Amino acid sequence: MIEKDKLIKRFISYVTVDTESDPESDTTPSSAKQWDLANALVEELKQIGLEDVTIDANAYIMATLPSNVEHTVPVIGFISHFDTTPDFTGKNVKPQIIENYDGNDIILNKEQNIILSPDYFEDLLQYKGQTIITTDGTTLLGADDKAGIAEIISAMEYLVNHPEIKHGKIRIGFTPDEEIGRGAHKFDVVKFGADWAYTMDGSQVGELEYENFNAAGAVVTIEGKIVHPGYAKGKMVNSMYIATDYINSLPRLETPEHTSDREGFFHLYSVKGEVDSTKLQYIIRDHDKGHFEARKEMMQKLADELNQQFEKELVTVEIKDQYFNMREKIEPVMHIVDIAEKAMKQAGITPLIKPIRGGTDGSQLSFMGLPCPNIFAGGHNFHGRFEYVPVESMQKAIEVIVNIAQLVAEEE
């Protein structure tokens, strides 16, 4: 497969380009700096020998590896995103390469005493003896999802250089703004022209996912009334107190820090308040469609109850669906999951089939007519200073991509 040093160099060239997306922007891509990496990727795809390399006005990149077999083969795709999350800074990323990891603490930043420890992040111990790429503790790494991009490009380069490996037509897609939920919004499924695809956007080696949350965003606005506090009796309405009542009325244990597996949650991620107005921003998540709808109804019911208590409409709730569980679109074509599972086993990997506690471009693409399970990219601890990726996991992902291409091309 691709040499380790070359893979590391490629990956680092991506993560050192700042591509943080901006949820407050209405443009696509949401941040102009995403163009820097996007344009570089276009040139790289051309250099490795892919055809029909395009980038549109919204920075969506597509490319083709033509079929090298005579018989008819389904067209498959591999997709990743090049933006990084706004949850934590991706500016001035300084990767550290830990060769032959010994299983002990990794000092990310001696001056600030930032330590990546297996005592807290137990998964590290899976990678003793391997090469691990970390941050310097002051930024995220960007393996989500620049590891996926490095893996796809490396796999395509390998197939170009090894024409003896038989495969059908393969389409490549790289998207902006996945981290703010817009990665698939302007993806042209018809232009892409694949029968199905795989997002290389999972975490630890072996992950294979075709279920994800149903997702919505909610904005709760509470209106109060500000008057001079010395003369406020019977007149002032402090919106922040009402907001506190609203927050405390939702199930306290149904939050991200108290849930796992298929359990859903309400997540309050922003509070901005003054006496006369407070805004709460939530995300709502649940794998079960019925439970998902019940969560949305609960949020509206709480607002109605508070308005009834104050005998005026002080609380309003605006809820917008974001994406849905792709399982209902994947189950009718489960052979595409079976192929990925077989490809992993051929690479000596035990598949970890589990639901995604999040979203991926694949969930939206599946509802747009492109069934799209999710495969591991190898990273851990995404969206923060403790993010890391084992290089050997990235190499395994490349092997899985190549194996999938071969399996799809096999004549029945």
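Computed from a predicted model, the values in this text were never measured in an experiment. Throughout, residue positions are numbered sequentially from 1 according to the sequence presented. Keep in mind that the numbers below use all heavy atoms, side chains included, and drop hydrogens, waters and symmetry copies.
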Decide if the gap between the ring center of F82 and the ring center of Y14 is smaller than 6.0 angstrom. no

Q364 and G181 have their tightest heavy-atom pair at NE2-O, 3.2 Å

Partner of I153 under side-chain contact (heavy atoms from CB on, under 4.5 Å), picked from L50, L41, L7, is L41

Looking at F121, I'd like to know if its CZ atom is crowded, meaning that more than 12 non-hydrogen atoms belonging to other residues, nucleotides or ligands lie closer than 6.0 Å. yes

In terms of heavy-atom contacts, N381 and L116 come closest through ND2-CD1, 4.0 Å

So, S25 side chain and T27 main chain: donor-acceptor pair closer than 3.5 Å or not? yes

Between E263 and H287: side-chain donor-acceptor atoms closer than 3.5 Å
no

With a 4.0 Å cut-off, would you call K186 and D177 a salt bridge? no

### Message
Side chains of K94 and T138: any donor to acceptor distance under 3.5 Å?
### Response
no

On a heavy-atom basis, the closest approach of G90 and D18 is O-OD1, 3.6 Å

Closest heavy-atom pair, G103 versus P118, reported as atoms and distance to 0.1 Å, is O-CG, 3.3 Å

Open item on the list: Under a 3.5 Å threshold, yes or no: a donor from one side chain and an acceptor from the other, between T199 and D361?
Closed with: no

For R285 and Q322, run side chain to side chain donor-acceptor pair (under 3.5 Å): C-alpha distance rounded to whole Å, both residues' side-chain angles, the deciding distance at 0.1 Å, then the answer.
CA-CA 10 Å; R285 300 291 187 264; Q322 295 169 325; 3.0 Å; yes

Note to self: Could you check whether K289 makes a cation-pi contact with F324, meaning its NZ or CZ is under 6.0 Å from the centre of the six-membered ring and within 45° of the ring axis?
What the structure shows: yes

Exactly one candidate in V389, I8, V15 meets side-chain contact (heavy atoms from CB on, under 4.5 Å) with P95; the answer is V15

Query raised in the report: Within the distance-only criterion (no hydrogens, no angle test), does the side chain of Q281 pair as donor or acceptor with the backbone N or O of Y269 below 3.5 angstrom?
Result: no

task = Please test D56 against N58 for side chain to side chain donor-acceptor pair (under 3.5 Å), starting from the C-alpha separation and ending with a verdict.
result = CA-CA 5 Å; D56 67 14; N58 297 303; 4.6 Å; no

### Message
Does this structure show an ion pair linking E254 with R295, if we count only N-O contacts that are shorter than 4.0 Å?
### Response
yes

- Message: Is there a side chain to side chain contact (heavy atoms under 4.5 Å, CB included) between I349 and V205? Walk through the geometry before answering.
- Response: CA-CA 8 Å; I349 299 167; V205 63; 4.2 Å; yes

* Answer yes or no: are there more than 12 heavy-atom neighbours, outside K166 itself, under 6.0 Å from its atom NZ? => yes

Would you say the side chain of Y323 lies within less than 4.5 Å of the side chain of N212, judging by non-hydrogen atoms? yes

> Is the number of heavy atoms from other residues, nucleotides or ligands under 6.0 Å of H258 NE2 greater than 12?
Replying inline: yes

Rounded to the nearest 0.5 Å, the CG atom of L45 sits from the CD1 atom of I149 at a distance of 9.5 Å

Does I107 have more than 12 heavy atoms from other residues, nucleotides or ligands lying within 6.0 Å of its CD1? no

Next item on the list: Kindly say whether N325 contributes a backbone atom to a donor-acceptor pair with the side chain of N214 at under 3.5 angstrom?
Entry: yes

Distance col, row M334:CE vs E341:CD, nearest 0.5 angstrom, shows 8.0 Å

For this session: Could you please spell out the steps behind the salt bridge (charged side-chain N to carboxylate O under 4.0 Å, His left out) verdict for K46 and E51?
Result: CA-CA 7 Å; K46 292 176 180 177; E51 300 180 5; over 6 Å; no

Aromatic contact, F386 with H380 (centres under 6.0 Å)
no

message: Would the distance check show the side chain of S366 and the main-chain N or O of C372 forming a donor-acceptor pair, the cut-off being under 3.5 Å?
response: yes

- Should F310 and I242 count as side-chain neighbours, where that means a heavy-atom distance under 4.5 Å? yes

Greater than 12 external heavy atoms within 6.0 Å of K191's NZ: yes

In this structure, OG of S277 is separated from CG of L314 (nearest 0.5 Å) by 11.0 Å

Checking the side chain of Y388 only, and the main-chain atoms of F382 only, is there a donor and an acceptor separated by less than 3.5 Å? no

Do R171 and F78 form a cation-pi contact, if we require the NZ or CZ to be under 6.0 Å from the six-membered ring centre and within 45 degrees of the ring's axis?
no

Worksheet item: Quick one: does R357's side chain have a donor or acceptor within less than 3.5 Å of a partner on D261's backbone?
Response: yes

Any D188 side-chain heavy atom under 4.5 Å of Y60 side chain: no

Query raised in the report: Does a side-chain N-to-carboxylate-O contact under 4.0 Å join R182 and E178?
Result: no

The reported gap from CD1 in I170 to CG in L65 (rounded to nearest 0.5 angstrom) is 5.0 Å

Check your understanding: Is there a side-chain contact between Q346 and L407 (heavy atoms, below 4.5 Å)?
Key -> yes

Separation between CD1 (I336) and CD1 (I404), nearest 0.5 Å, reads 10.0 Å

N/O donor-acceptor pair under 3.5 Å between R10 side chain and A150 backbone: no

Around atom NZ of K342, are there more than 12 heavy atoms from other residues, nucleotides or ligands closer than 6.0 Å?
no

Requested in this report: Answer yes or no: does atom CD of E257 have more than 12 heavy-atom neighbours from other residues, nucleotides or ligands under 6.0 Å?
Outcome: yes

message: Please check: side-chain N/O of S21 versus main-chain N/O of S30, any donor-acceptor pairing under 3.5 Å?
response: no

### Message
Check this for me: does any side-chain nitrogen of one of K91 and E20 sit under 4.0 Å from a carboxylate oxygen of the other?
### Response
no

Taking N113's backbone N and O only, do any of them form a donor-acceptor pair with N109's side chain (distance below 3.5 Å, no angle check)? no

Between K6 and E157, is there a salt bridge with N-O shorter than 4.0 Å? yes

Task: From CA spacing to verdict: side chain to side chain donor-acceptor pair (under 3.5 Å), S31, D22 - done: CA-CA 6 Å; S31 55; D22 179 5; over 6 Å; no

Taking every heavy atom of P176 against every heavy atom of T28, the minimum-distance pair comes out as CG-CG2, 4.3 Å

Taking every heavy atom of P373 against every heavy atom of M326, the minimum-distance pair comes out as CA-CE, 4.3 Å

Checklist entry - Does E387 reach the main-chain N or O of D144 with its side chain, forming a donor-acceptor pair under 3.5 Å? => result yes

task = Decide side chain to side chain contact (heavy atoms under 4.5 Å, CB included) for K396 and F376; before the verdict, give the C-alpha distance in whole Å, the side-chain angles of both, and the deciding distance to 0.1 Å.
result = CA-CA 9 Å; K396 283 295 185 181; F376 71 92; 4.2 Å; yes

d(I132 CD1, N100 CG) to nearest 0.5 Å is 10.0 Å

_For a side chain to side chain donor-acceptor pair (under 3.5 Å) check, start with the C-alpha distance between S117 and D105, then their side-chain angles and the critical distance, and finish with the verdict._
CA-CA 4 Å; S117 174; D105 288 355; 2.7 Å; yes

D304 and Q300: side chain donor to acceptor below 3.5 Å: yes

- Query: Between E392 and K4, does at least one N-O distance fall below 4.0 Å, as a salt bridge requires?
  - Reply: yes

Tell me, yes or no, whether the heavy-atom count around Q309 atom CD, taken from other residues, nucleotides or ligands under 6.0 Å, exceeds 12. yes

